[in-house]
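The first residue in the sequence is number 1, and the count goes up from there.
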Amino acid sequence: MAVETPEWVKHAVFYQIFPDRFARSPRTRHPRGQQFKPWGSPPEEQGFQGGDLHGIVDHLDYLKQLGINAIYLNPIFASASNHRYHTFDYFQVDPLLGGNAALRELLDQAHAMGIKVVLDGVFNHASRGFWQFHHILENGGNSPYIDWFIIHGWPLRPYRETADQELNYEAWIGLPALPKLNTNNPGVRDFIMSVARYWLEFGIDGWRLDVPFEIDDDSFWQEFRRVVKGANPDAYIVGEVWRPAQRWLQGDQFDAVMNYIFARLAMGFCGAETINSDIVLDGDRHVPLNAEQVRRGIDEMLGLYDWQIDLAQLNMLDSHDTPRALWHMGGDMSALKLCTLLQMTMPGAPNIYYGSEIGMTGGPDPGCRGAFPWDAESRWDTELLDYFHRVIRMRHEHPVLRTGTFTSLYGQNGVYAFLREQNGQQAIAAFNANKEPATVNLPLPQNLAGGRHFRAIWGEGRDYTAGVDMLVGVSIPARQGVVLLGAL
């Protein structure tokens with residue numbers, strides 16, 4: 001079957017927001033007596049710091065100026081956890097975030113500025129407070145919702161009395177707070193499909209799917225795609241799958257996945273000398289990679305899927321589930337910049353985790369979920385923010401960096417380079433991970449040989465003229481990259 005992915009995603013630069021920690025707005029009116037932790041409290045304290053959807057609206061100008069044209073929101077539905085992966089009510093935006101009216105305002109204002117909004121869909125599991133599960137807690141086997149979950153015994157034990165007490169119902173990774181929905185029940189399937197359709201008709205632009213591999217049923221996700229695309233043919237479906245995901249990326253289920261493979265390759269190469277290899281993510285450690293390894297790894301990554309999938313992948317360096325990239329690479333700012341340049345020149349939609357552009361850092365969850373310091377600009381790395389502005393602008397200004405074909409050119413001695421081509425225009429991106437400047441000869445495809453001119457649009461590069469079969473003497477400063485633009 002022909003694979004189709006939303007065209008807008010291929011031109012998007014996403015910004016991922018953890019709502020409780022992005023911005024608190026005075027326009028969100030809470031009942032008297034409610035208390036939040038002070039803004040900027042250590043994330044290890046958990047709790048709620050009071051970020052809300054109005055706060056995002058209040059800072060849309062900031063995002064627009066940064067070059068953001070798509071937002072991915074961590075869960076926003078009613079929940080008793082600050083991350084809101086414990087869903088209470090799938091049809092109610094959490095009142096602490098401003099309720100459904102705040103989402104309406106966010107969508108209207110974002111869309112007016114050309115910014116798409118994708119929500120996080122948690123459909124594998126609900127919560128102890130989810131009405132149907134609570135009904136079973138109150139009524140036992142007499143509840144009409146008994147088959148909405150997978151129950152092994154009575155009475156249900158939603159709270160462990162001892163650490164080793166076994167659960168008597170299915171729950172995500174054995175957490176009693178997260179009872180697993182029985183998606184084999186047609187009523188549960190209908191419910192989830194109705195949630196997906198409702199919010200698309202409300203105006204969202206797609207779904208990011210939490211742990212979709214836990215619903216081990218292709219027919220479920222095929223039906224989900226039909227429902228989503230029926231409501232909005234341009235809606236984006238991106239799954240949280242950390243490993244090669246061919247099963248879900250055949251054109252009949254997801255449009256893309258969160259590209260954690262890219263994150264591992266980018267940080268392993270750009271931060272080879274500072275990467276924290278003690279951190280285990282989904283069973284893997286991020287390890288140092290040389291230029292040959294990153295070239296081979298990226299070629300293998302792009303070869304996993306149809307090209308239309310590659311162009312729609314969500315290319316990220318970090319997220320709410322990982323250490324922040326800057327922390328993960330030992331605070332090495334040159335590594336973060338080099339990773340970001342790679343991210344902005346690769347096929348796929350870049351995804352920036354909120355605050356990365358000002359140098360926010362933090363270790364593994366929950367350390368990566370700190371509050372954005374809006375009231376302390378003295379803590380912002382303004383030089384880094386300017387870097388993000390410029391590199392995002394470069395991606396937007398040159399379509400070849402978004403949808404051009406991809407060819408690896410070079411990968412040795414600490415230098416990695418590739419070629420993007422589209423409509424008679426070429427872009428060469430070259431990255432020097434060494435602590436010393438590098439000068440390399442880049443082999444070129446036959447169609448580009450002989451006399452073609454390339455000018456530098458990024459980095460301390462100069463203009464070059466192609467020789468018979470290569471670009472001779474390309475100079476790349478230490479720990480930096482260059483992007484060269486060629487044309488007929």
Side-chain angles (χ1 to χ4, degrees), residues 1-10 12 14 70 72 75 77 85 87 90-91 116-126 130 132 147-150 170 172 178-261 282 301-314 348-349:
M1 63 179 298
V3 175
E4 297 182 4
T5 53
E7 193 65 23
W8 65 265
V9 175
K10 302 161 192 173
F14 277 83
Y72 151 43
F77 302 133
Y85 284 95
T87 312
Y90 286 87
F91 291 100
K116 305 283 190 180
V117 179
V118 172
L119 297 189
D120 210 324
V122 187
F123 300 131
N124 172 70
H125 50 266
F130 180 61
Q132 286 83 349
D147 288 328
W148 275 55
F149 300 90
I150 304 168
E170 295 293 318
W172 184 66
L178 298 174
K180 180 177 174 61
L181 289 160
N182 178 17
T183 53
N184 291 324
N185 182 326
V188 173
R189 293 170 79 112
D190 290 346
F191 175 82
I192 294 172
M193 302 306 164
S194 70
V195 172
R197 184 186 301 107
Y198 177 85
W199 292 109
L200 286 163
E201 292 175 348
F202 193 88
I204 72 167
D205 299 290
W207 288 103
R208 178 267 188 188
L209 302 171
D210 183 60
V211 295
F213 46 86
E214 297 284 355
I215 300 179
D216 187 15
D217 181 351
D218 291 349
S219 69
F220 176 92
W221 294 119
Q222 289 161 350
E223 181 182 356
F224 185 88
R225 183 181 182 88
R226 288 193 296 270
V227 169
V228 167
K229 300 296 184 177
N232 178 1
D234 289 328
Y236 186 38
I237 307 173
V238 55
E240 181 206 4
V241 183
W242 293 52
R243 297 173 180 272
Q246 295 95 322
R247 172 181 176 180
W248 300 277
L249 297 179
Q250 300 294 322
D252 62 342
Q253 297 182 54
F254 310 160
D255 293 313
V257 294
M258 298 182 74
N259 201 352
Y260 282 100
I261 295 175
D282 195 44
M301 176 187 77
L302 294 175
L304 289 171
Y305 315 117
D306 185 276
W307 180 241
Q308 292 301 310
I309 299 285
D310 287 332
L311 291 174
Q313 289 283 77
L314 196 63

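Residues D205 and D234 fail the side-chain proximity criterion, which asks for heavy atoms closer than 4.5 Å. Looking only at side-chain heavy atoms (C-beta outward), W221 and P212 come within less than 4.5 Å of each other. Considering only heavy atoms from C-beta on, V118 stays 4.5 Å or farther from I204 through its side chain. Residues W148 and N182 have side chains not in contact (no heavy-atom distance under 4.5 Å, counting atoms from C-beta outward).
Heavy atoms from other residues, nucleotides or ligands lying under 6.0 Å from CD of Q222 number more than 12.
With sequence neighbours excluded, the residues satisfying salt bridge (Lys or Arg N to Asp or Glu O under 4.0 Å) with R247 are D216, D218. The side chain to side chain contact (heavy atoms under 4.5 Å, CB included) search around A235 returns L200, V228, N232, not counting sequence neighbours. Here D217 pairs with N184, R189, I215, S219, F220 under the side chain to side chain contact (heavy atoms under 4.5 Å, CB included) rule; sequence neighbours left out. The ring-ring contact (aromatic ring centres under 6.0 Å, His included) test applied to F123 returns W207, F224, not counting sequence neighbours. Listed by chain and residue number, F191, Y198 satisfy the ring-ring contact (aromatic ring centres under 6.0 Å, His included) test with F91 (two or more places apart in sequence, or in another chain). Residues meeting the salt bridge (Lys or Arg N to Asp or Glu O under 4.0 Å) test with R197, sequence neighbours left out: none. Listed by chain and number, the residues in a side chain to side chain contact (heavy atoms under 4.5 Å, CB included) with P179 are F133, F149, Y169 (sequence neighbours excluded). Y305 pairs by the ring-ring contact (aromatic ring centres under 6.0 Å, His included) definition with nothing, not counting sequence neighbours. With sequence neighbours excluded, the residues forming a side-chain hydrogen bond (donor to acceptor under 3.5 Å, both in side chains) with Q308 are K10, listed by chain and number. For D255, the side-chain hydrogen bond (donor to acceptor under 3.5 Å, both in side chains) test picks out R225, K229, with sequence neighbours left out. Qualifying side chain to side chain contact (heavy atoms under 4.5 Å, CB included) partners for Q250, counting only residues two or more places apart in sequence or in other chains: Q246, D252.
The line from CG of L119 to CZ of F202 is 9.5 Å long, rounded to the nearest 0.5 Å. Between the CD atom in Q313 and the CG atom in N259 there is a gap of 4.5 Å [rounded to 0.5 Å]. The distance from atom CG of N185 to atom CD of Q132, rounded to the nearest 0.5 Å, is 10.5 Å. Residue D120 holds its CG atom at 8.5 Å from CG of L209, rounded to the nearest 0.5 Å. Going from atom NE2 of H125 over to atom OG1 of T87 covers 7.0 Å, rounded to the nearest 0.5 Å. Atom CH2 of W242 is separated from atom CZ of F213 by 9.0 Å, given to the nearest 0.5 angstrom.
For residues 303-312, no residue pair satisfies the salt bridge (Lys or Arg N to Asp or Glu O under 4.0 Å) rule, not counting sequence neighbours.
Judged by distance alone, with hydrogens and angles left aside, the side-chain atoms of K116 form no donor-acceptor pair with the main-chain N or O of F14 at under 3.5 Å. Side chain of E4 to main chain of G251: no donor-acceptor pair is present (N/O by atom type, distance under 3.5 Å, no hydrogens or angles).
In summary, the side chains of Y260 and D282 do not present any donor paired with an acceptor at a separation below 3.5 Å, with no hydrogens or angles considered.
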